[in-house]
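This report concerns only the one structure given below.
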Amino acid sequence: MGGNHTQIEFILLGITDSPHVQSPLFVFFLLIYIVTLVGNIGIIILVQVSPSLHTPMYFFLTHFAFIDICCSTVISPRMLADLLSEDKTISFTACMMQFLIFAFFGSAECHLLAMMAYDRHVAICHPLLYVTIISSHVCWQLVASSYLFAFLIAIICTWCVFGGSFCGPNCIDHFFCDLVPVLKLVCSDTHSSEMIIFAFVTINAVGASVVILLSYISILHTVLRMCSAQSRARAFHTCASHLTAVSIYFGSMFFMYLQPPSSHKSLDKVASVIYTMVTPMLNPFIYSLRNKEVKGALLKCGSRFFNHWQHTRLSSCIT
């Protein structure tokens, strides 16, 4: 980084400065983090051990769950520690790395949501060509390209945010090193950096939104032409979970990042909590509770585990 960084440490002010609220918030966010880990790791394991889920849709879902784990882990442990500690300082390097990693996985999640929409588009609009278009090789290419593009965006945004001079206040009015709160501390002119960041965020988020929108317009057109009401209902049911995840994630992201810097207020922390902690916790439930294939695979795994446990117990009793 090329700036004159006279401040080697920042202070994260956190969600609240009220000591009476910090302990309840610690318990609340700890439970959210535990549920996030258990739910998303469970989705990954379930897809791996269930042959019926070895399809492109669930291949993307495992990567989606992995990204949710990483996004939450970048933010939650540090925030939980700060809620119980009086020392809320974070080094310049640690702050920069937190932003870089979060920007990487946040960008990758946008791309992955777009790929999942495209996958549903091909499955519903071109079912006979689905295996050919969305092959295993294509799936890996799409995921790899999303990670590569996300890495480039993260590097550029990190350079724009942390490449300036920090010579004034060092208090970050947030619970992690996010874009807008850190930029407010830069002493040098940030106009060009803000324009570059805004351009890349727009390309990333709006580009993914356009792919999702076009995919669902095509899906809607195809579904309305179906003769069978049962086929229409099945098609809509297949897309419902993805649309729910898209609405929650992009709604909070657009509120946070696609508004002028002067418009940012205290609600930014609420929006940040939604897309950094609440959304990763909800996604496993969104994709499992309304999905017959996932529930079926879960019941089969549970039945196999119970039968194995019962067999082991009987064997131990006999011996």
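Counting from 1, the numbers follow the sequence of the chain as shown. Worth knowing before you read on, the calculation uses all heavy atoms, side chains too, and leaves out hydrogens, waters and symmetry mates.
- Side-chain heavy-atom separations under 4.5 angstrom define the hydrophobic clusters, and the remaining members of the one that includes Ile217 are Leu213.
- How far CD1 of Ile90 is from SG of Cys95: 5.0 Å, rounded to the nearest 0.5 Å.
- Ring geometry for Phe162 versus Phe92: interplanar angle over 60°, hence perpendicular rather than tilted (30 to 60°).
- At a threshold of 4.5 Å between non-hydrogen side-chain atoms, the residues Leu185 and Ile172 count as touching.
- Shown here are the side chain to side chain donor-acceptor pair (under 3.5 Å) partners of Gln141, two or more places apart in sequence or in another chain: His137.
- A salt bridge links Lys269 with Asp173: at least one charged nitrogen is closer than 4.0 Å to a carboxylate oxygen.
- Val27 and Leu37 fall within the same hydrophobic cluster, defined by Ile, Leu, Val, Met, Phe, Trp and Tyr side-chain heavy atoms under 4.5 Å apart, directly or through other members.
- In terms of the side chain to side chain donor-acceptor pair (under 3.5 Å) criterion, residue partners of Thr89 (sequence neighbours excluded) are, by chain and number, Asp87.
- The ring pair (Phe, Tyr, Trp, His ring centres under 6.0 Å) contacts involving residues 24-52 comprise nothing, where partners must be two or more places apart or lie in separate chains.
- Every pair tested for side chain to side chain donor-acceptor pair (under 3.5 Å) that includes a residue from residues 19-30 fails, sequence neighbours excluded, so the list is empty.
- Side-chain contact, Tyr147 with His111: no donor N or O sits under 3.5 Å from an acceptor N or O.
- Separating the CZ atom in Phe10 from the SG atom in Cys177 is a distance of 7.0 Å, to the nearest 0.5 Å.
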Worked check of side-chain contact (heavy atoms from CB on, under 4.5 Å) between Phe104 and Ile155: CA-CA 8 Å; Phe104 168 66; Ile155 288 291; over 6 Å; no

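- The number of heavy-atom neighbours closer than 6.0 Å to OH of Tyr130, taken from other residues, nucleotides and ligands shown, is above 12.
- Annotation: side chain of Ser272 is in contact with side chain of His174 (closest heavy-atom distance under 4.5 Å).
- Residues satisfying the side chain to side chain donor-acceptor pair (under 3.5 Å) test with Ser85, not counting sequence neighbours, are none.
- Remark: of the listed residues Val131, Thr132, Ile133, Ile133 is the sole one forming a side chain to side chain contact (heavy atoms under 4.5 Å, CB included) with Val122.
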